[in-house]
Amino acid sequence: MIDNSKIEQAVRLMLEGIGEDPEREGLRETPARIARMCAELYKGMEEDAQTHLSRTFTVETSDMVIEKDITFYSMCEHHILPFYGKAHIAYIPDGKVVGLSKLARTVEVFARRLQLQEQLTGQIADALMEYMQPKGVLVMLEAEHMCMTMRGVQKPGSQTVTLTRRGVFETDPALEQRFFRMMGR
């Protein structure tokens, strides 16, 4: 649960810590704005992927399903700076599928938390395996990290790519190759 009061206190202290006056006109409402922003950015802390993945539809096919270019925004837990990019999800149904929007909603559940990209990739894959029970899942994330762009090495445009395989994607390399062909890579 987001505690607006604590966030506002922390923002005031941070402003003072960098030499700002939290009472000057431009900053007076900033602590409250940041608290409201946190409720939006970290709403995944209060959500469960099962909510989105529990409604399934019966199918007879077991052909690969890919939802690609799902835009996501997250916050790095090391520097509390944004990272953002695209998620690509493939799965092999085992008698049931979910609505395509539910895949994007699942990405959001985990992206709207303090995160590591490597962890985020696995959390999405694990939720899909647990709640959809497909034959296999592959999740690939491509993201730019502001901690690489704004600070440190300052390399704008660099991309971090993570890939997680579960089920038949772990045991059948041809499925992963098919995924990349379908992605146009």
Side-chain angles (χ1 to χ4, degrees), residues 1-2 38 40-56 62-149 152-153 155 157-185:
M1 182 68 121
I2 299 289
C38 285
E40 184 177 342
L41 293 180
Y42 305 114
K43 69 182 180 181
M45 296 294 296
E46 298 174 4
E47 293 184 3
D48 186 346
Q50 183 177 8
T51 304
H52 304 295
L53 297 173
S54 61
R55 174 84 169 105
T56 59
S62 61
D63 291 333
M64 186 183 306
V65 176
I66 296 178
E67 182 72 17
K68 67 179 194 168
D69 296 330
I70 302 167
T71 302
F72 73 90
Y73 302 90
S74 194
M75 299 292 281
C76 168
E77 68 182 36
H78 292 154
H79 300 100
I80 310 185
L81 285 171
F83 67 95
Y84 56 91
K86 302 284 185 178
H88 316 288
I89 297 172
Y91 71 95
I92 308 293
D94 192 11
K96 56 188 175 180
V97 295
V98 294
L100 297 176
S101 69
K102 304 308 184 194
L103 298 175
R105 291 183 191 284
T106 300
V107 170
E108 284 297 300
V109 165
F110 296 108
R112 296 296 182 155
R113 302 173 181 191
L114 288 175
Q115 274 294 8
L116 297 175
Q117 182 175 334
E118 301 86 342
Q119 177 176 278
L120 174 59
T121 311
Q123 288 172 336
I124 295 166
D126 291 341
L128 295 172
M129 288 299 289
E130 181 176 353
Y131 300 120
M132 289 177 57
Q133 299 177 342
K135 294 177 182 178
V137 169
L138 186 147
V139 177
M140 182 171 92
L141 302 183
E142 301 174 289
E144 182 169 347
H145 292 248
M146 290 294 97
C147 57
M148 290 277 293
T149 298
V153 296
K155 298 297 179 201
S158 62
Q159 293 279 307
T160 300
V161 179
T162 51
L163 180 90
T164 298
R165 297 166 297 158
R166 301 287 190 264
V168 295
F169 282 98
E170 293 178 286
T171 58
D172 186 349
L175 286 173
E176 185 174 331
Q177 292 168 3
R178 184 173 169 210
F179 167 79
F180 282 112
R181 278 195 313 274
M182 291 174 75
M183 293 284 296
R185 297 175 189 217

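- Enclosure of atom CE in Met45 is not indicated, since only 12 or fewer non-hydrogen atoms of other residues, nucleotides or ligands lie within 6.0 angstrom.
- Here OG1 of Thr160 is found 11.0 Å from CG of Leu116. Values are rounded to the nearest 0.5 Å.
- Among all heavy-atom pairs drawn from Ala125 and Thr164, the shortest one is CB-CG2, 3.9 Å.
- Only one option out of Thr121, Asp126, Leu128 pairs with Ile124 in a side-chain contact (heavy atoms from CB on, under 4.5 Å); it is Leu128.
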Exercise for the section: In sequence, state the C-alpha distance, the side-chain angles, and the governing distance for Gln133 and Asp94, and then conclude on side chain to side chain contact (heavy atoms under 4.5 Å, CB included). Expected result: CA-CA 7 Å; Gln133 299 177 342; Asp94 192 11; over 6 Å; no

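- Rounding to the nearest 0.5 Å places CD of Gln123 at 11.5 Å from CD of Glu118.
- No more than 12 heavy atoms of other residues, nucleotides or ligands shown are found within 6.0 angstrom of OH on Tyr73.
- Between Val65 and Pro93, the shortest heavy-atom distance links the atoms CG2-CG, 4.0 Å.
- Considering all non-hydrogen atoms of both residues, Ile80 and Met75 come closest at O-CE, 3.5 Å.
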Exercise for the section: I would like to know whether Thr56 and Lys102 meet side chain to side chain contact (heavy atoms under 4.5 Å, CB included); could you show each step before the answer? Expected result: CA-CA 10 Å; Thr56 59; Lys102 304 308 184 194; over 6 Å; no

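- Atom-to-atom distance recorded for Leu120:CG and Arg112:CZ is 11.5 Å, nearest 0.5 angstrom.
- Two residues are said to be in side-chain contact when any heavy atoms from C-beta on lie closer than 4.5 Å; Glu47 and His52 meet this criterion.
- Distance CE/Met148 to CD/Gln159: 10.5 Å, rounded to 0.5 Å.
- A side-chain N or O of Gln117 and one of Thr162 form a donor-acceptor pair less than 3.5 Å apart.
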Exercise for the section: Could you please spell out the steps behind the salt bridge (charged side-chain N to carboxylate O under 4.0 Å, His left out) verdict for Glu176 and Arg165? Expected result: CA-CA 9 Å; Glu176 185 174 331; Arg165 297 166 297 158; 3.2 Å; yes

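- Interatomic distance, CD1 of Ile70 versus CD of Glu108, reported as 9.5 Å (0.5 Å rounding).
- By the ring pair (Phe, Tyr, Trp, His ring centres under 6.0 Å) test, His88 pairs with no residue at all, sequence neighbours left out.
- Side-chain N or O atoms of Arg113 include one that pairs as donor or acceptor with a backbone N or O of Gly44 at under 3.5 Å.
- When the salt bridge (Lys or Arg N to Asp or Glu O under 4.0 Å) test is applied to Glu67, no partner is found at least two apart in sequence or on another chain.
- The distance from atom OH of Tyr42 to atom CD1 of Ile2, rounded to the nearest 0.5 Å, is 8.5 Å.
- The shortest non-hydrogen separation linking Leu141 to Phe72 is CD2-CE2, 4.0 Å.
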Practice task
Apply side chain to side chain contact (heavy atoms under 4.5 Å, CB included) to Val109 and Thr51, showing your working.
Solution key: CA-CA 10 Å; Val109 165; Thr51 304; over 6 Å; no

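- Between His145 and Phe83, the angle of the ring planes stays under 30°, which puts this pair in the parallel group of the 30/60° scheme.
- Side chain of Glu144 to backbone of Tyr84: no donor-acceptor contact under 3.5 angstrom is found.
- Taking the side chain as every heavy atom from C-beta outward, Val107 and Ile89 approach each other to under 4.5 Å.
- For the pair Pro134/Met129, a side-chain contact is recorded, criterion being any heavy-atom separation below 4.5 Å from C-beta on.
- A 4.5 Å side-chain heavy-atom check between Cys147 and His78 finds every atom pair outside the cut-off.
- Counting heavy atoms from C-beta on, the side chains of Tyr131 and Thr106 never come closer than 4.5 Å.
- Residue Arg178 places its CZ atom among more than 12 non-hydrogen atoms of other residues, nucleotides or ligands, all under 6.0 Å distant.
- Under the 3.5 Å distance criterion, with hydrogens and angles disregarded, a donor-acceptor pair is assigned to the side chains of Lys86 and Thr71.
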Practice task
I would like to know whether Phe169 and Ile92 meet side chain to side chain contact (heavy atoms under 4.5 Å, CB included); could you show each step before the answer?
Solution key: CA-CA 9 Å; Phe169 282 98; Ile92 308 293; 3.8 Å; yes

